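Just so we're on the same page: letters track the sequence lines, and every chain starts at 1. Here the structure is a predicted model, which is why all the values come from computation and not from measurement.
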2 protein chains.
Amino acid sequence: MTSQPLPIASANGIATIAALIGDPARANILSALMGGQALTAGELAWHAGVGAPTTSGHLAKLSEAGLLAVERQGRHRYYRLASPDIAQVMESLMAVATAGPRRHRPPGPKDEALRTARTCYDHLAGRLGTTLADRMNERGLVILGDGGALVTGSGHDFLSGLGLAFPDAGGTRRPLCRVCLDWSERRSHLAGRLGAALLSCSLERGWIVRIPDSRAVAITEAGSQGFATVFGITPELLAADSSLAVG
Amino acid sequence: MTSQPLPIASANGIATIAALIGDPARANILSALMGGQALTAGELAWHAGVGAPTTSGHLAKLSEAGLLAVERQGRHRYYRLASPDIAQVMESLMAVATAGPRRHRPPGPKDEALRTARTCYDHLAGRLGTTLADRMNERGLVILGDGGALVTGSGHDFLSGLGLAFPDAGGTRRPLCRVCLDWSERRSHLAGRLGAALLSCSLERGWIVRIPDSRAVAITEAGSQGFATVFGITPELLAADSSLAVG
DNA sequence: CCGACGTTTCGTCCGCGGCCGAAGCGTTCG
DNA sequence: CGAACGCTTCGGCCGCGGACGAAACGTCGG
């Protein structure tokens with residue numbers, strides 16, 4: 001009837017972004033970068049499962065589209081997700097992708113490390129992440145809803161006392177506190193600037209260390225003590241069968 | 001080195017979903033369905049900008065992948081987004097797509113209706129949506145954070161008094177209250193089961209009516225009065241240049 | 001200064017997938 | 001009962017884009 005549908009604000013832009021994510025090799029690259037670390041082109045080629053030249057082309061496209069940021073360092077080039085918004089897209093895609101026909105995925109030992117503690121882009125996930133959120137909720141530092149979270153006044157004071165500041169990240173409109181529903185625990189953990197601060201703080205203090213070639217992190221001796229004294233997270237709370245005790 | 005990177009939980013599934021959204025015609029279809037209404041295959045063909053046979057193929061793929069739900073009615077087939085999760089993906093994609101190089105988009109008269117009041121999947125957006133969220137926040141019915149929102153006790157009582165119940169939507173883990181950052185206002189409005197209830201309630205009471213072939217809605221006489229008495233939203237609050245008065 | 005390494009560019013091949021026209025099925029109306 | 005309509009299926013065309021090998025560029029080490 002009428003000439004053409006109104007060119008919906010960047011419906012074409014949506015297709016462009018989605019098409020970039022829609023290639024298996026590129027999806028692997030982006031998934032690998034969801035670990036939060038910057039990775040070299042070579043490492044990403046390994047994750048992508050294709051050759052170096054092909055990977056280079058993919059990385060160029062992703063960078064030009066603004067999905068990735070690149071940083072030259074010697075003869076390496078480090079790529080990382082360009083913004084938390086990109087991570088948000090990947091996160092929502094994972095929710096859809098895993099929501100489908102619940103394929104039985106036998107949890108191997110490799111998974112166990114991931115389920116205990118891992119990074120989710122720039123914040124903590126796994127049982128450590130969800131337990132941390134729960135404890136902070138119980139102590140009134142944050143209020144945890146199913147669709148969002150808020151930092152309370154006392155929570156802000158508490159975190160300031162830990163030396164955690166929340167810079168506005170250079171004018172970006174990134175939320176202070178978000179929740180992120182993760183695929184393994186099916187429970188919420190803290191994201192946003194707060195989640196990022198908690199992760200970087202934990203890394204700086206040596207409470208956790210990254211496990212190479214994986215999104216999993218290991219909790220150190222200092223971390224075991226630190227999480228217990230500061231947040232009241234005992235190792236028992238992180239036990240693998242805690243779900244059995246609850247359910 | 002090692003044989004292959006661990007087959008990341010459904011990284012391939014992510015690519016599949018994203019590739020489906022990544023086609024311009026399909027992106028147009030999904031964008032059109034973000035209005036929240038179920039549309040026929042013919043209407044979607046018009047939105048997609050391709051012929052009927054091609055559209056049929058797209059719809060079959062989207063349905064089989066679980067992105068769309070279809071309902072036969074006479075000789076029509078009505079398609080709608082299969083779940084709020086899908087809407088969440090589209091929402092996050094829009095955030096990325098519009099965040100890019102801020103192309104100057106001169107607001108035409110068509111846009112003005114959209115900016116005033118429109119649907120965003122199954123809840124209200126535009127100035128009506130953001131103002132509604134603000135007023136409920138000021139009145140202590142909800143607490144609005146930048147990364148989430150919570151319904152207070154008094155808010156729950158108030159809404160129950162309006163006859164709004166919040167069924168758990170058939171066991172799905174859909175949040176009661178989410179925020180949705182929209183592209184035009186750059187401010188938060190209420191989504192989740194609460195947002196859906198507010199929209200359907202407004203439609204049932206005849207406070208708003210859908211404008212055909214558009215995501216915009218018009219506020220009726222009854223609506224103008226209803227929003228004012230129940231939520232304290234006066235027409236002045238919805239004026240186009242309210243941002244000027246504030247900024 | 002030369003070789004090893006990481007990364008990109010170029011050229012080529014090839015297969016997937018979107019698009020349409022024509023035809024087939026089911027429904028609704030005159 | 002036949003025509004119009006909505007939608008889908010089929011067949012064929014064609015172009016985009018991902019894959020690799022070979023080679024060029026740039027950086028680090030001996």
_First-last contacting nucleotides on DNA chain D - partner chain A, under 4.0 angstrom, heavy atom_ = dG18(D) to dC28(D)
*Rounded distance in Å - NE2 (His76(A)) to P (dT8(C))*: 12 Å
_For Phe227(B), ring pair (Phe, Tyr, Trp, His ring centres under 6.0 Å) partners two or more places apart_ = Trp207(B)
*Taking only residues two or more places apart in sequence or in another chain, which ones pass side-chain contact (heavy atoms from CB on, under 4.5 Å) with Ala191(B)?*
His123(B), Arg178(B), Cys180(B)
*Using side chain to side chain donor-acceptor pair (under 3.5 Å) as the criterion, list what pairs up with Arg80(A), not counting sequence neighbours.*
none
*With sequence neighbours left out, what residues match Asp146(A) under salt bridge (Lys or Arg N to Asp or Glu O under 4.0 Å)?*
none
*For every nucleotide of nucleotides 20-30 of chain C, 5' to 3': is a protein heavy atom under 4.0 Å from its base (B), only from its sugar-phosphate (S), or from neither (-)?*
BBB----BS--
*Would you classify Tyr78(B) as touching base, sugar-phosphate or nothing, given that sugar-phosphate means primed atoms plus P, OP1 and OP2, and contacts are heavy atoms under 4.0 Å?*
nothing
*Selection: residues 58-68 of chain A, any non-hydrogen atom under 4.0 Å of DNA chain D*: His58(A), Lys61(A)
_Any pair counted as side chain to side chain donor-acceptor pair (under 3.5 Å), so long as it reaches residues 61-77 of chain A, sequence neighbours left out_ = none
Without placing hydrogens or testing angles, list every side-chain donor-acceptor pair under 3.5 Å for residues 13-27 of chain A, not counting sequence neighbours.
| unit_1 | atom_1 | unit_2 | atom_2 | d |
| --- | --- | --- | --- | --- |
| Thr16(A) | OG1 | Asn12(A) | O | 3.0 |
| Asp23(A) | OD2 | Ala25(A) | N | 3.0 |
| Asp23(A) | OD2 | Arg26(A) | N | 3.2 |
| Arg26(A) | NE | Leu20(A) | O | 2.6 |
| Arg26(A) | NH1 | His58(A) | ND1 | 3.1 |
| Arg26(A) | NH2 | Ala19(A) | O | 3.4 |

_I need the CG-P distance between Asp23(A) and dG17(C), as an integer number of Å._
11 Å
_Nearest heavy atom decides the nucleotide; on that basis, is Thr40(B) or Ala25(A) closer to the 5' end of DNA chain D?_
Thr40(B)
*Contacts of type side-chain contact (heavy atoms from CB on, under 4.5 Å), residue Leu59(A), not counting sequence neighbours*: Ile29(A), Ala41(A), Leu44(A), Thr55(A), Leu68(A), Tyr79(A)
*State whether a side-chain donor-acceptor pair under 3.5 Å links Arg215(B) with Thr119(B).*
no
*With sequence neighbours left out, what residues match Ala218(B) under side-chain contact (heavy atoms from CB on, under 4.5 Å)?*
Val209(B), Ile211(B)
*Ala52(B): what forms a side-chain contact (heavy atoms from CB on, under 4.5 Å) with it, not counting sequence neighbours?*
none
